[in-house]
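The structure under discussion appears below in the form of structure tokens.
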There are 2 protein chains.
Amino acid sequence: MGAAALGALPWALLLLLGPLLPGQGLQANITRVSEENTGGITAAPPATAQEVHPLNKQRHNHSTDGHSKPRKAFPVLGIDYSHVRIPFEISLWILLACLMKMGFHVMSSVSKVVPESCLLIVVGLLVGGLIKAVGEKPPILKSDIFFLFLLPPIILDAGYFLPLRQFTENLGTILIFAVVGTLWNAFFLGGLMYAVCQIGGSGLNHIGLLANLLFGSIISAVDPVAVLAVFEEIHINELLHILVFGESLLNDAVTVVLYHLFEEFAYFEQVTIIDIILGFLSFFAVSLGGVFVGVIYGLIAAFTSRFTSNIRVIEPLFVFLYSYMAYLSAELFHLSGIMALIASGVVMRPYVEANISHKSHTTIKYFLKMWSSVSETLIFIFLGVSTVAGQHYWNWTFVISTLLFCLIARVLGVLVLTWFINKFRIVKLTPKDQFIIAYGGLRGAIAFSLCYLLDYEHFNMRDMFLTAIITVIFFTVFVQGMTI
Amino acid sequence: MGAAALGALPWALLLLLGPLLPGQGLQANITRVSEENTGGITAAPPATAQEVHPLNKQRHNHSTDGHSKPRKAFPVLGIDYSHVRIPFEISLWILLACLMKMGFHVMSSVSKVVPESCLLIVVGLLVGGLIKAVGEKPPILKSDIFFLFLLPPIILDAGYFLPLRQFTENLGTILIFAVVGTLWNAFFLGGLMYAVCQIGGSGLNHIGLLANLLFGSIISAVDPVAVLAVFEEIHINELLHILVFGESLLNDAVTVVLYHLFEEFAYFEQVTIIDIILGFLSFFAVSLGGVFVGVIYGLIAAFTSRFTSNIRVIEPLFVFLYSYMAYLSAELFHLSGIMALIASGVVMRPYVEANISHKSHTTIKYFLKMWSSVSETLIFIFLGVSTVAGQHYWNWTFVISTLLFCLIARVLGVLVLTWFINKFRIVKLTPKDQFIIAYGGLRGAIAFSLCYLLDYEHFNMRDMFLTAIITVIFFTVFVQGMTI
């Protein structure tokens, strides 16, 4: 209970400060308030002490409005919020995330039944509603912020501490699920949704095949953040964990390529067979290119760590920096940033661990765990807030068929693919395993952010897509996450 | 040698990418290049394969300029630098800082003679020159970035690990140096500089008393960053270290008040005695207010750490967050952020350490050390870069008298104050101690940033002030730092 009361504190502070923040351009316009205004040499009579209430700029301005060049005494206390606004608000959001996470662990009775990710989305919904209630516009999870700042720590944490032996042993299975499975999902869903849109009376006839395939490619990928959040809580066996989680990492290249492919094609007048071949080629460019960028940075990091024996204190920073730059460099060329991050983590880890001090290793480990955990928390909270903040366009046909076909595509895909995979595996996947793989195909913030990135000018059905995607995310995280 | 070669790498990369960055608004205008352009159905004839050179947007644009709506194939490789620009460039700067720091430790023969801070300034000068040589504008150390992002980690590291016993035992001495000493320096220097400006033929008659006092208050404060950097390398005895370093921390309140006081007074037509009394009051408001804010956040942090036993992973974040918010909250009200940070660190530390896990403690310690060390490195590099980048106005009279009076004021102040202090101290300060205290009064980036904050419209002598301040900083860091 104490923690919950504590959680309200920063918000009370923010609400208290709310009236003081008229916007961006306050910088030069420092509010000048004094404890007592005195008669100087100027012509204007001084404002009386009662009129000048500290922290009340409105009244202060009013009291001097009538005079030219009001005489002000030296301000004993000034306020300048615009100066500290950005870091202060970011700190507040992170603090909220930490306090919520802490609160759920204190009230363990609730968090045993409901997964944390669900609780966090609910918190986001409440906070968004609260911000809306006081007349402000709640922030939407910006795609740039998500891809540049929130996603990398989670992927780096996962990639750096990837159980490499299990991962490589099951690489074939993982790749088939990630590549063939995602392709299947995208085209099956996109095609069926196109068929639904063509049905007369649905009012969706204007959504063409390419837009539907784009939608399918956005929503078909299993989300690593959601999978990590739910699977870490339910302590599933390691094989299934690495299968589903590995799939969620490696399907990134497929998603990136399909997304850019269909987005570009939507601008074309006609798609030629050459375009399709180029798209096919770009799948290899995106995935292998991403891995290549990651390996390069991983090797540089490994090489650098040989020279840090005299300056242990900055060793962790090299790991973070090189990994992050691998991710950014890959993103720069529209390669798979996730695969670059995983590759750099996997390549650098054995060398770096042999070279750096034990304390540095602890710092890397705990800092990564801390940062990824906070990122994850922020992502789920912002999913909730964005749901309240965003423009929604609800279409029953579209949403229900999306949800239905998502489930069918996933189940069919897993059944057919495991039937094929089991011919080659020594340890066969049991029907129970197949059920969990199919059921664990959670969708998350990556889909939301990718859809949000779409240009509204060209994709005027974006709001309906977003609504459907949020519904699917909520369904998979709440219903599947809670019952798994 | 290997490290030096490695250091050149990110810069080579940046220079390579240079021509690709035409500015901010590239986002939507993704460069589309294809391996082979194909004859589609469109009317425009395709560009030949030779003309479309990847990474060469200029030529590509040229080749299609003459045609309406050029037909483009699906881009196998795209480039979108604006999307990743900000985090990428920040990472590059931090990487440069880390590599330089590492390089100096590898080439230990050089760093034994010259303090690291000097080497870093030289690196900054070189990098700035290089950026200028390729025709770009080198970045200037923005005051906002300095005060909001670079300074807090250094102060928090210092405040959290402050040797409390020694600090409190010598608090009286430290306070006298910090308050009386800084006031003496500011007024002595400001007054004498005003006298110099009044001498006929100096061409400085337009600089009034208030502007000179403002200049004196900016340049008179000993800088904690410079003191930490130099004193940590020379391993001086603990008493002298805490005396000079403590002074550099506690003089912040005096500097903040004097700075705002003289800055405000410069806008006034006439300064009344009441204004001066208010200024005197605001010294207590700024210092005690800062401590109060820090204590509040420190207590909240201590209280919060009681509930983290189930979620060890985010414990370090609470320490960073609450301290940072203490700093920002103090800055918000123009209180002393440095004193808030020190106070919050001192208050929370015993409670937090008793509550959190050993691993979290290690993470906090090493992360703070890492971050403060990188911040310090960046500050010195940027001081060098800013020197190359800034507008300079060199006036021999002004610069030489500033340097001279700075030294005289410091020596006189220390001599008189220690004579007074020694009457009350059990462990007297020897003449050798006095020499080191006087000689250790290094100036640094805080003075530079405060001066840079001045409004050029109102203080048209700002460039001359900046030039003089940079000269004093270089003199104290190079000459005093190298010979101490």
Side-chain angles (χ1 to χ4, degrees), chain A residues 2-3 6 34 38 40-42 73-81 83-84 87-88 91 94-95 98 101-102 105-106 148 261 264 269-270 272 274-275 278-279 281-282 285 304 307-308 310-311 313-314 316-318 321 324-325 328 331-334 359-360 362-363 366-367 369-370 373-374, chain B residues 2-3 6 34 38 40-42 73-81 83-84 87-88 91 94-95 98 101-102 105-106 148 261 264 269-270 272 274-275 278-279 281-282 285 304 307-308 310-311 313-314 316-318 321 324-325 328 331-334 359-360 362-363 366-367 369-370 373-374:
Chain A
L6 206 63
S34 63
T38 63
I41 313 293
T42 55
F74 175 71
V76 175
L77 263 185
I79 287 184
D80 183 3
Y81 183 67
H83 173 59
V84 298
F88 194 78
S91 302
I94 299 177
L95 186 64
C98 290
K101 222 176 159 66
M102 191 182 79
H105 277 85
V106 173
L148 293 181
L261 199 73
E264 285 287 323
E269 282 145 47
Q270 184 146 358
T272 64
I274 307 285
D275 286 327
L278 284 178
L281 280 179
S282 88
T304 310
F307 300 98
T308 52
N310 291 317
I311 177 125
V313 76
I314 54 170
L317 201 55
F318 278 119
L321 272 178
Y324 190 46
M325 289 183 69
L328 292 177
E331 288 282 307
L332 168 64
F333 294 104
H334 289 300
K359 301 272 185 194
S360 297
T362 308
T363 307
Y366 283 85
F367 188 74
K369 289 256 166 289
M370 178 183 89
S373 140
V374 170
Chain B
L6 206 63
S34 63
T38 63
I41 313 294
T42 55
F74 175 72
V76 176
L77 263 185
I79 287 184
D80 182 3
Y81 184 66
H83 173 59
V84 298
F88 195 77
S91 303
I94 299 177
L95 186 65
C98 289
K101 223 175 157 67
M102 191 181 81
H105 277 84
V106 172
L148 293 181
L261 198 74
E264 286 287 322
E269 284 145 45
Q270 185 145 0
T272 64
I274 306 284
D275 286 328
L278 284 178
L281 280 179
S282 89
T304 309
F307 300 97
T308 53
N310 292 317
I311 178 125
V313 76
I314 53 171
L317 202 54
F318 277 119
L321 272 177
Y324 190 46
M325 289 183 69
L328 292 177
E331 288 282 307
L332 169 63
F333 293 104
H334 289 300
K359 302 271 185 193
S360 296
T362 307
T363 307
Y366 283 85
F367 188 74
K369 289 255 165 290
M370 178 183 91
S373 139
V374 170

Tell me, side chain or backbone of B/S91 under 4.5 Å from chain A's heavy atoms, or both, or neither?
both
At a heavy-atom separation under 4.5 Å, does B/F367 approach chain A through its side chain, its backbone, both, or neither?
both
Heavy-atom closest pair, residues [X] and [Y]:
{"X": "B/I314", "Y": "A/M370", "answer": "CA-CG, 4.1 Å"}
{"X": "A/V313", "Y": "B/S373", "answer": "CG1-OG, 4.1 Å"}
{"X": "B/I79", "Y": "A/H334", "answer": "N-CD2, 4.1 Å"}
{"X": "B/P87", "Y": "A/L328", "answer": "C-CD1, 3.7 Å"}
{"X": "B/V106", "Y": "A/F307", "answer": "CG2-O, 3.8 Å"}

Could you check whether any side-chain heavy atom of [X] comes within less than 4.5 Å of a side-chain heavy atom of [Y], counting everything from C-beta outward?
{"X": "A/F333", "Y": "B/D80", "answer": "no"}
{"X": "B/H83", "Y": "A/L148", "answer": "yes"}
{"X": "A/M102", "Y": "B/F318", "answer": "yes"}

d(A/M325 CE, B/I94 CD1) to nearest 0.5 Å is 10.0 Å
Using non-hydrogen atoms and a 4.5 Å limit, figure out which bit of A/L321 sits close to chain B: side chain, backbone, both or neither.
side chain
Assert top hit (heavy-atom pairs under 4.5 Å, partner chain B, pool A/K101, A/E331, A/K359) equals A/K359
If we define contacts as heavy-atom pairs under 4.5 Å, which of A/V84, A/N310, A/L317 has the most with chain B?
A/L317
